[in-house]
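None of these values were measured; they are calculated from a predicted model.
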Amino acid sequence: MLTDLEARTLKVIRDSGEISRLEISKLLNLSKPVISQAVAQLINKGLVVESNICKSSIGRPRINLKFVSDAFYCIGAELEENTFEIIITDLSGNEKKAFQERIPHTKDSLDIIEWCSEKIKELIRQSNLPREKFLGIGIGISAMVEPNTGLVRTAPAFGMKDFNLQNTLQMMLDLPVYVANRVKLAAFAEHKLGAAKGFKDVLFIYLDSGLGSAVILNDELFQGFYGKAGEFGWLITDIDVTKDDICEEQNFGHLARKISGHCLRKYLGEIVQDTDLREIIMAIKQGQIEMGKKLRRSLMHLAAAIANSILMFDPQIVIIKGRIGQRYFSEILEIIEQFLYEFLPLQFYENLEFRKGMIDKYDVALGGVFLVQKKVMNI
């Protein structure tokens, strides 16, 4: 839809609010005639309009350019174990219509996808937006996904194995569909609109029922050639891979068996009922009770994985998200920083910033919206 130059020019205009052709040419280090030609194409495509005239004390007045958010629309969705969420937004991520509903109980993956397809069609009708203005659909799922084909390698919650979700939905909806791991899309949303906005290199950790992560490198969501990048839960932090496991789960990775919501619930459920994890973390600080010692070891493994990630690609910021990661952010971070101090010289992480995720609602679906824009428009 856009050439590389048009995409770069549009991104500058969108990120600037209002900007002149001359200012764009200086930012991109290109001549003004070259930029003017790209701008003319963007205006023809309805993505940019001329706005205010900026008077200058020297030379002719400059005409500013403005991004047209509602030139097109995108659909983002999250297929979670129990819930299906959809959101329709403009190109700036502003919500136009949204939907959330529990998924019907069925073992058949095609039945689930047909149900999701009907819900998407219904939301498009309710939005009253021109169908020709929809760029496509980005959907996140709890699975390992091949980034170029949309093939879901395995998603036990939906009975999928080597299932091409992308092609199946495209045939049902007659719209471009792009599929990615849900944690990676949540990270993409935080990078575009949330806690990681403005940072080029980001490590995103999602501590929820499972343990996932994503990597942003040089402003790009890094998925790896086969889509396996960021499988944080499978990191090995001890050569004795069963040491310090808090539960045995064959579908969980080595690190996730040491620190993840599902395993914590199983472990703590065998000891106490309805215990707030914050109380356990306080017990860690005071060196009390066996469960506190065990959880401290689990957080030590998480800190070791973060330390290895810091050494591998030197992120500017680490975002911690997920129900456990956000709810107990301060308590977990305090312990992680203690271990980082033990593991690494300060020079390796002295400038590193930790933040809690900001987007609470429709984060995966919003990531799907921006995935569509990346795939279709390269912005």
Residue of the set Val49, Ile13, Ile43 for which side chain to side chain contact (heavy atoms under 4.5 Å, CB included) holds with Val68
Val49

Taken to the nearest 0.5 Å, the spacing of Ile87 CD1 from Phe99 CZ works out to 13.0 Å

Arg8 meets the side chain to side chain contact (heavy atoms under 4.5 Å, CB included) criterion, sequence neighbours left out, with Asp4, Leu28, Leu30

Reported CG-to-CD1 distance for the pair Leu22 and Ile63, which is rounded to 0.5 angstrom
12.5 Å

Side chain to side chain contact (heavy atoms under 4.5 Å, CB included) test vs Ile88 passes for just one of Leu129, Ile120, Ile137, Val369, namely Leu129

Transitively linked via ILVMFWY side-chain contacts under 4.5 Å: Phe329 with Leu295?
yes

CD1 on Ile332 to CZ on Arg327, rounded to 0.5 Å
11.0 Å

One should read off an interatomic distance between Leu299 CG and Ile336 CD1, to the nearest 0.5 angstrom, of 6.0 Å

Using side chain to side chain donor-acceptor pair (under 3.5 Å) as the criterion, list what pairs up with Gln100, not counting sequence neighbours.
Glu85

Backbone N/O of Ala229 and side chain of Lys184: donor-acceptor pair under 3.5 Å:
yes

Using salt bridge (Lys or Arg N to Asp or Glu O under 4.0 Å) as the criterion, list what pairs up with Asp245, not counting sequence neighbours.
Arg257, Lys258

Check whether more than 12 heavy atoms from other residues, nucleotides or ligands sit under 6.0 Å from atom NZ of Lys228, and answer yes or no.
yes

